[in-house]
Amino acid sequence: MPVIEHKQLINAPIEVCFDLARDVGIHAQTTLKTKEKAVGGVTKGLLVEGDSVTWEAVHFGIKLRLTSRVIFMEEPHSFVDKMVKGAFRSFIHIHQFYAEEEGTSMVDQFQYKSRFGPIGVLIDKLFLEKYLKRYIVMRAIELKRIAEIKTNQTFD
């Protein structure tokens, strides 16, 4: 099972980062390249434990839908979402937040299994794992930008 991990330092308080990471509208803003939008379940506001959301997005030129559920939350330190329906055989996305002197360390850990057995493993190695890593990094950088703008507006 491939595991992708990315750590992003954000110059903003942990509570701001945590809330932005679980905000459905902000998620859509951080994924403009894939045109993600919430089309089912919770479609706006902050996700809480037990919530599910169905996302529609375009990946590799194909419109896909994926439903995930928040299966664990410990404010403002972590939450976990798990795919309940979608293109993967399974995935779990662990979001962790650590207060640092310089702000907040946000750590994404994404574990997934592709469909199609050995062919899926080959697809992972050839391009899917790299694609998903870029996606997670892109989203983290955009969330950092939004959090730092929000924090600077608060202190001005």
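Below, all heavy atoms of this structure are taken into account, side chains as well, without hydrogens, waters or symmetry copies. If you read the sequence from its start, that first residue is 1, and numbering goes on from there.
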Peer 1: Walk me through it: do R22 and E75 pass the test salt bridge (charged side-chain N to carboxylate O under 4.0 Å, His left out)?
Peer 2: CA-CA 11 Å; R22 64 190 180 112; E75 293 186 45; 3.6 Å; yes
Peer 1: Might you point out which heavy atoms bring S68 and W55 nearest each other, and give the distance in Å?
Peer 2: OG-NE1, 4.2 Å
Peer 1: Taking the side chain as everything from C-beta on, heavy atoms only, tell me whether K7 gets closer than 4.5 Å to L9.
Peer 2: no
Peer 1: List the atom of E49, the atom of I71, and the distance in Å for their closest heavy-atom pair.
Peer 2: OE2-O, 3.7 Å
Peer 1: Quick check on the hydrophobic clustering: are L143 and V107 connected, directly or via other members, by side-chain heavy-atom contacts under 4.5 Å?
Peer 2: no
Peer 1: Do the non-hydrogen side-chain atoms of I92 and Q109 ever get within less than 4.5 Å of each other?
Peer 2: no
Peer 1: Are I146 and L46 connected in a single hydrophobic cluster, I mean Ile/Leu/Val/Met/Phe/Trp/Tyr linked by side-chain heavy atoms less than 4.5 Å apart?
Peer 2: no
Peer 1: Counting only heavy atoms from other residues, nucleotides and ligands, does the tally under 6.0 Å from NZ of K82 exceed 12?
Peer 2: no
Peer 1: Taking everything shown except R115 itself, do over 12 heavy atoms lie less than 6.0 Å from its CZ?
Peer 2: yes
Peer 1: Determine whether L20 and V53 fall in the same hydrophobic cluster, where Ile, Leu, Val, Met, Phe, Trp and Tyr are linked whenever their side-chain heavy atoms lie under 4.5 Å apart.
Peer 2: yes
Peer 1: What closest approach, in Å, do H27 and T30 show between heavy atoms, and which atom pair accounts for it?
Peer 2: O-OG1, 2.9 Å
Peer 1: Could you state the interatomic distance from CZ (F116) to CZ (R89), rounded to the nearest 0.5 Å?
Peer 2: 10.5 Å
Peer 1: List the steps and the verdict of side-chain contact (heavy atoms from CB on, under 4.5 Å) for H95 and V80.
Peer 2: CA-CA 6 Å; H95 309 256; V80 179; over 6 Å; no
Peer 1: How many angstroms lie between CD1 in I149 and NZ in K144, if you round to the nearest 0.5 Å?
Peer 2: 11.0 Å
Peer 1: Can you tell me how far the CG atom of D51 sits from the CZ atom of F79, to the nearest 0.5 Å?
Peer 2: 11.0 Å
Peer 1: Is the ring centre of F60 less than 6.0 Å from the ring centre of F127?
Peer 2: yes
Peer 1: Shortest non-hydrogen contact from P13 to T104?
Peer 2: C-OG1, 3.2 Å
Peer 1: For the side chain of T151 and the backbone of A147, is there at least one donor-acceptor N/O pair under 3.5 Å apart?
Peer 2: yes
Peer 1: So, H59 versus Y135: side-chain donor-acceptor pair below 3.5 Å or not?
Peer 2: no
Peer 1: Check the hydrophobic clustering (I, L, V, M, F, W, Y; side-chain heavy atoms under 4.5 Å; chains of links allowed) and say if I62 and M83 are grouped together.
Peer 2: no
Peer 1: Ignoring hydrogens and geometry, is there a side-chain-to-backbone donor-acceptor pair from R139 to T31 under 3.5 Å?
Peer 2: no
Peer 1: Distance check, rounded to the nearest 0.5 Å: Q8 atom CD versus I141 atom CD1?
Peer 2: 5.5 Å
Peer 1: For L32, look at atom CG and say whether over 12 heavy atoms of other residues, nucleotides or ligands are found less than 6.0 Å away.
Peer 2: yes
Peer 1: Counting distance only, does the side-chain N/O of K113 pair as donor-acceptor with the main-chain N or O of F88 below 3.5 Å?
Peer 2: no
Peer 1: Using only atom types and a distance under 3.5 Å, with no angle test, would you say the side chain of K125 pairs donor to acceptor with the backbone of G120?
Peer 2: no
Peer 1: Can you list the steps and then say if V84 with S52 is a side-chain contact (heavy atoms from CB on, under 4.5 Å)?
Peer 2: CA-CA 9 Å; V84 294; S52 64; 5.5 Å; no
Peer 1: Would you check if F97 and M106 make a side-chain contact, meaning some heavy-atom pair closer than 4.5 Å?
Peer 2: yes
Peer 1: Tell me, do F18 and M73 make a side-chain contact under 4.5 Å, heavy atoms counted?
Peer 2: yes
Peer 1: According to a 4.5 Å side-chain heavy-atom criterion applied to Ile, Leu, Val, Met, Phe, Trp and Tyr, with indirect links allowed, do I26 and L66 form part of one hydrophobic cluster?
Peer 2: no
Peer 1: Locate the shortest heavy-atom distance separating C17 from I10; write the atom from each residue and the value.
Peer 2: SG-CG2, 3.7 Å
Peer 1: Is D19 close to D23 at the side-chain level, that is, under 4.5 Å between some pair of heavy atoms?
Peer 2: no
Peer 1: Closest approach of V48 and V70, non-hydrogen atoms and distance?
Peer 2: O-CB, 3.6 Å
Peer 1: Indicate yes or no: at least one non-hydrogen side-chain atom of F72 is less than 4.5 angstrom from one of I94.
Peer 2: no
Peer 1: What's the spacing between N11 CG and N152 CG if we round to 0.5 Å?
Peer 2: 7.0 Å
Peer 1: Under a 4.5 Å cut-off applied to non-hydrogen side-chain atoms, are I14 and H77 in contact?
Peer 2: yes
Peer 1: How many angstroms lie between atom OG1 of T54 and atom CZ of R69, to the nearest 0.5 angstrom?
Peer 2: 9.5 Å
Peer 1: For side-chain contact (heavy atoms from CB on, under 4.5 Å), just list the numbers for K130 and R134, CA-CA rounded to whole Å, side-chain angles, deciding distance to a tenth of an Å, and then say yes or no.
Peer 2: CA-CA 6 Å; K130 289 177 190 168; R134 279 193 310 269; 4.0 Å; yes
Peer 1: Going by heavy atoms in the side chains, are V58 and T34 under 4.5 Å from each other?
Peer 2: no
